[in-house]
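To start, the structure itself, in structure tokens.
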Amino acid sequence: MPTLSLMPPEFSVLRDENKCIKCLACARQCGFDAQKYDAEDDRLYTIDANCVNCQRCVSICPVGALTIYKNPPPMRPNAYWSEGHLRNIIKQAETGGVLLTGMGNDQPFPSYFDRLLLNASQVTNPSIDPLREPMELRTYLGSRTEPVTLQEGQDEKTRTPLVPLETPIMFSAMSYGSISHEAFESLARAAKEFGTMFNTGEGGLPEDLYQYADHAVVQVASGRFGVHTGYLNAGRIIEIKIGQGAKPGIGGHLPGEKINAAVSATRMIPEGTDALSPAPHHDIYSIEDLKQLVFTLKEATRYQKPVSVKVSAVHNVAAIASGIARAGADIITVDGFRGGTGAAPTMIRDHVGIPIELAIAAVDQRLREEGIRNQVSLVAAGGFRSSADVVKAIALGADAVYIGTAALIALGCHLCQKCYTGKCSWGIATQDPYKTRRLNPEIGAERLYNLLRGWSHEIKEMLGGMGINSIESLRGNRLHLRGVGLNEVELKLLGVKHAGEAI
Amino acid sequence: MEVVNARGLSYQALNETVRSLLDNGHRELVLKGVNGQRYIGAGVQGQGRLEIFGVPGNNLAALMDGLEIEVFGNVQDGVGNTMNDGTVIIHGHATDIAGYSMRGGRIFIRGNVGYRVGIHMKAFRNKNPLIVIGGKAGDFFGEYMAGGTLVLLGLDLQPGEAIVGNFVATGMHGGEIFIRGQVDPYRLGKEVKAIKPTAADQQRLQDIVGDFARYFDLEAEKILARPFIKLIPYNKRPYGTMYAY
């Protein structure tokens, strides 16, 4: 910075000199140049202004000598002008740029998951113990057949095959380029081992990972990076990405410095050039146009791949979803406003979109009312923090969910929200080989597998408690939900009764 | 040579017929009476040649990987959408987004084209996609272009008629555009500059225009007699300084 910054450091790093053994691990591992070693003076010191509180140094310090503190706000407390507002204004006054951030919306908007409670059986019907009785979590994604009628000539539609998931949880779209090869491979391996799917995001599928393609949702976004027939035919599901919960309505700019040789080979673009994803697909300006891309992809893969269309949860999402179903998609993926990202303008991430809970309820309701719910599976994404969130989403009407942030936390992410810098100390959101090798894909896959295993078992316990032995029986079963502290409009939109109301 | 009568066939039936004929070793197909059927040649890999009589529908040759298609008529939107390899020769006009995100192969269009032609074209390794347009082009020509070559010839223009619309090559960050004659500077996107083609460019243009003239039975020398301008991006990171890090 040429001039003195008015921005006081957000964090302070405290080193307990009595404990420190000068192993220098902190200085070596800090991705943000906050930990330094002065060899001449044999002294470790910190540059607090660079610290992003990613906790890497704290986690690897063998003697527990490090603590990171949040500094007090840079001015006297003010309920209206928050610390965040001040920091943003100072940063923009000093750079003149658009504010960037990573991961999901961190603002204190209400969470409907936290205001919904689940039911359980007592006396009148027996609960089920999943440890000793069969409990079915298998979920099929895709378009179901029409109800059988006596009329001739029904159901002549060429159907794409259904895709089975052993648990209704998949790994969200995270592109190679935005995350490291090691992180990408961890997701792919875990998806295959558990019998679920990972999503390539819009950056193509690295050649050495085609062995996992049978568990891949391969994405086609507006930039069409890495999209060719081999890629489409290798994947199990093809997903047209229209929008992303963290940045509805805008495109993406993967900066040239992240396009190294391997990323360039997978995206099929030259090294060092910006990878620009236009905001819209310029071949899709309407539902009719969307139908055209859906069927281009189906024709190109001879109707062997279900096609998903992913949109952000926005105000009119139910009508949009109806259009998507009518455009011939087999799966609708809706990404809520808590959804994560490798990079998004802060204002967009924090102020655009709607909560996923309301979007699921609205979309499921609309598709049922129109009699087309069977034509599509509904996949929800955007901020699933626990198996309870998953169960509530399915009870609201989702078929399955995507987890992104939770998966990255399992891999080591500490939510410092600096993914867009490419400096990730945990080897996840970076292409720097010195950092990416900190993440061993074998161990990463095991941690992800463990997470799915734990959540899946918890889901079985919750289902058993309700007296249900199949996830199918929970889908859209809103009688198993009750709201707490919700007003009438919210209860109506969610289609649930208030806690205390009987059936 | 196998003749397929497309009249009355749905796109699904027509495309399935075409693909199974190609699968069974037929290398030359003639499609007659084509009338708006979409996705012809979509995702088809391998060698072969299709002759199309009539007007094929949208997304002709989308995701195509190797065929040669010659159309004796006009084509609609999205010809060569995300095409990987092959050749498309069109003896008529094409409408919007021809060559969207095209990565390889060549498209030759005798007539005019619509909006956003060549949008987000890319080049990769030995792939360098090419679109040659005989007539004029609409707005946003070469928008977001990341690689490859666009050649706009402006044949048969009326006096005072513009060869290209507005916002030419906005967001362009790779590749090159050759336009025969002059373009008013106000029509150019702010990310590109117009320069004089080099001697090597002239040599390439001779080859490209030579092919174009051969396909459409024109005289290459006459076309090349008028000088070209070349548009290139100022840099390959147009939005590199937009953000506050």
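Letters A, B, ... mirror the listed sequences (proteins, then strands); counts begin at 1. Predicted, not measured: the structure shown is a model, and the values here were computed from it.
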### Largest heavy-atom contact set with chain B, pairs under 4.5 Å, which of A/K91, A/Q292, A/K418
A/Q292
## Note on the structure
Between A/A300 and B/G43 the two heavy atoms that sit nearest each other are CB-CA, 3.8 Å
## Note on the structure
The interface call for A/S222 against chain B, heavy-atom contacts under 4.5 Å, is both
### Task
Decide side-chain contact (heavy atoms from CB on, under 4.5 Å) for A/K298 and B/Y39; before the verdict, give the C-alpha distance in whole Å, the side-chain angles of both, and the deciding distance to 0.1 Å.
CA-CA 10 Å; A/K298 287 190 177 184; B/Y39 327 123; over 6 Å; no
### Task
Output the distance between atom OH (B/Y243) and atom OG1 (A/T346), rounded to the nearest 0.5 Å.
11.0 Å
#### Entry: Residue pair A/Y285 / B/R116: nearest heavy atoms and the distance that separates them
OH-NE, 2.9 Å
### Task
Heavy-atom distances under 4.5 Å only: say whether B/N59 touches chain A with side chain, backbone, both or neither.
side chain
### Query
Is there side-chain contact between B/R38 and A/E299, with at least one heavy-atom pair below 4.5 Å?
no
#### Entry: Neighbour count >12 (heavy atoms, 6.0 Å) for atom NZ, B/K127
yes
#### Entry: Reported NZ-to-CG distance for the pair B/K122 and A/L276, which is rounded to 0.5 angstrom
10.0 Å
### Message
Is B/R237 close to chain A through its backbone or its side chain, or both, or neither, when contacts mean heavy atoms under 4.5 Å?
### Response
both
#### Entry: SB check B/D23 A/R302 (cutoff 4.0 Å)
yes
### Query
When the ring centroid of B/H120 is compared with that of A/F225, is the distance short of 6.0 Å?
yes
### Query
What distance do A/T229 atom OG1 and B/L63 atom CG have between them, rounded to the nearest 0.5 Å?
7.0 Å
### Task
Name the member of A/I269, A/V220, A/N88, A/L99 that forms the most heavy-atom pairs with chain B at distances under 4.5 Å.
A/I269
### B/R125, part contacting chain A, at a heavy-atom distance under 4.5 Å
side chain
### Message
Check this for me: B/Y115, atom OH, are more than 12 non-hydrogen atoms of other residues, nucleotides or ligands nearer than 6.0 Å?
### Response
no
### Intermediate values then yes/no, side-chain contact (heavy atoms from CB on, under 4.5 Å), A/F295 and B/Q12
CA-CA 9 Å; A/F295 281 93; B/Q12 209 179 329; 5.9 Å; no
### Residue selection (most heavy-atom pairs with chain B, distance under 4.5 Å) from A/G96, A/A265, A/S264
A/A265
### Message
Using a 6.0 Å cut-off, check whether atom CD of A/E271 has over 12 heavy atoms from anything other than its own residue.
### Response
yes
### Message
Test of understanding: with salt bridge (charged side-chain N to carboxylate O under 4.0 Å, His left out), list the residues that count as partners of B/R7, not counting sequence neighbours.
### Response
none
### Parallel, tilted or perpendicular: ring planes of B/Y239 versus A/H253, cut at 30 and 60 degrees
parallel
### Query
Among B/G78, B/A146, B/A42, who wins on heavy-atom pairs under 4.5 Å with chain A?
B/A42
### Query
Between A/H228 and B/R103, which heavy-atom pair has the shortest distance, and what is it?
CB-NH1, 3.7 Å
### Query
Which bit of B/Y100 is near chain A, if near means a heavy-atom gap under 4.5 Å: side chain, backbone, both or neither?
side chain
### Query
With chain A, which of B/M64, B/H173, B/E16 has the greatest number of heavy-atom pairs at distances under 4.5 Å?
B/H173
#### Entry: Distance in Å, B/M242 CE paired with A/D274 CG, rounded so as to fall on 0.5 Å steps
10.5 Å
### Task
Among the options B/V44, B/N84, B/D65, B/T82, pick out the one with the most heavy-atom pairs lying under 4.5 Å from chain A.
B/T82
### Task
Report the distance from atom CG of B/N235 to atom OG1 of A/T273, rounding to the nearest 0.5 Å.
9.0 Å
## Note on the structure
In terms of heavy-atom contacts, A/T296 and B/A62 come closest through CG2-CB, 3.6 Å
### Message
Within a 6.0 Å radius of atom NE2 on A/H85, are there more than 12 heavy atoms belonging to other residues, nucleotides or ligands?
### Response
no
### Query
Between B/A123 and A/P270, which heavy-atom pair has the shortest distance, and what is it?
O-CD, 3.5 Å
## Note on the structure
The interface call for B/N81 against chain A, heavy-atom contacts under 4.5 Å, is side chain
